[in-house]
Amino acid sequence: MEVEFLTADTNLPPCLPLPWAMLGLPVSSTAKVMYARLLDAALAAGAEDANGIIFTRCPIVELAGALGRSAMTVKRALRELEDAGLLLRVRQGFGEPNKIYVLIPRDAQKQDCRQAAGPV
């Protein structure tokens, strides 16, 4: 892989959105990356339900492949996110992937993700 230094003129590659509020939550790193992946999927190609709320559908095997994790790890991370109140899965018919609603932490809604962060 070729790399370059970051400059003011560097065009960034496609990135996953991760609200700052997620960094301090007591969920695993896998759950955080999965949250970012699901949020990105919802923003990019999510569908609207009858109430105008955006959801996405991602089968377990697709998530496992995208994250380079096992199906069991993906299920555990989904459960973590649900338990933390960050996802809502709505079961569909047999053989159909669940509707996944990505919930945004209220603290994150006060932040502008496009603004640069302070020094680390």
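In what follows, every heavy atom counts, from backbone to side chain, and hydrogens, waters and symmetry copies are set aside. No experiment lies behind these values; they were computed from the predicted model shown.
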Looking only at heavy atoms, which two atoms of Val74 and Ala64 are closest? And how far apart? CG2-CA, 3.5 Å
Over all atoms of both residues, closest heavy-atom pair of Cys58 and Leu38: SG-CD2, 3.8 Å
With the side chain counted from C-beta on, respond yes when Leu88 and Val102 share a heavy-atom pair under 4.5 Å apart, and no when they do not. no
Quick check: does any side chain N or O of Asn51 sit under 3.5 Å from a backbone N or O of Ile53, one acting as donor and the other as acceptor? no
Under 4.5 Å between side-chain heavy atoms, counting indirect links through other Ile/Leu/Val/Met/Phe/Trp/Tyr residues: same cluster for Leu25 and Tyr101 or not? no
What one should report as the nearest heavy-atom pair of Val27 and Ala84 is CG1-CB, 4.0 Å
Is it the case that the side chain of Glu4 and the backbone of Glu2 share a donor-acceptor pair, with hydrogens and angles ignored and the cut-off at 3.5 Å? no
Membership question, hydrophobic clusters at under 4.5 Å side-chain separation (ILVMFWY): are Val61 and Met34 in the same one? no
Determine whether a donor-acceptor pair (N or O, by modelled atom type, separation under 3.5 Å) exists between the side chain of Lys32 and the backbone of Leu23. yes
Test of understanding: clusters of I, L, V, M, F, W, Y form through side-chain heavy atoms closer than 4.5 Å, transitively. Do Phe55 and Leu86 belong to the same one? no
Going hydrophobic residue to hydrophobic residue with side-chain gaps under 4.5 angstrom, can you get from Leu87 over to Leu16? no
Check whether any side-chain heavy atom of Val33 lies under 4.5 Å from a side-chain heavy atom of Leu67, and answer yes or no. yes
Can you name the nearest heavy-atom pair linking Arg37 to Glu62, along with the distance? NH2-OE2, 3.9 Å
Grab the two heavy atoms, one from Glu48 and one from Ile54, that are nearest each other, plus how far apart they are. CG-CG1, 4.1 Å
Tightest non-hydrogen contact, residues Glu80 and Ala31, listed as OE1-CB, 4.0 Å
Polar side-chain atom of Tyr35 near backbone of Leu103 as donor-acceptor pair, under 3.5 Å: yes
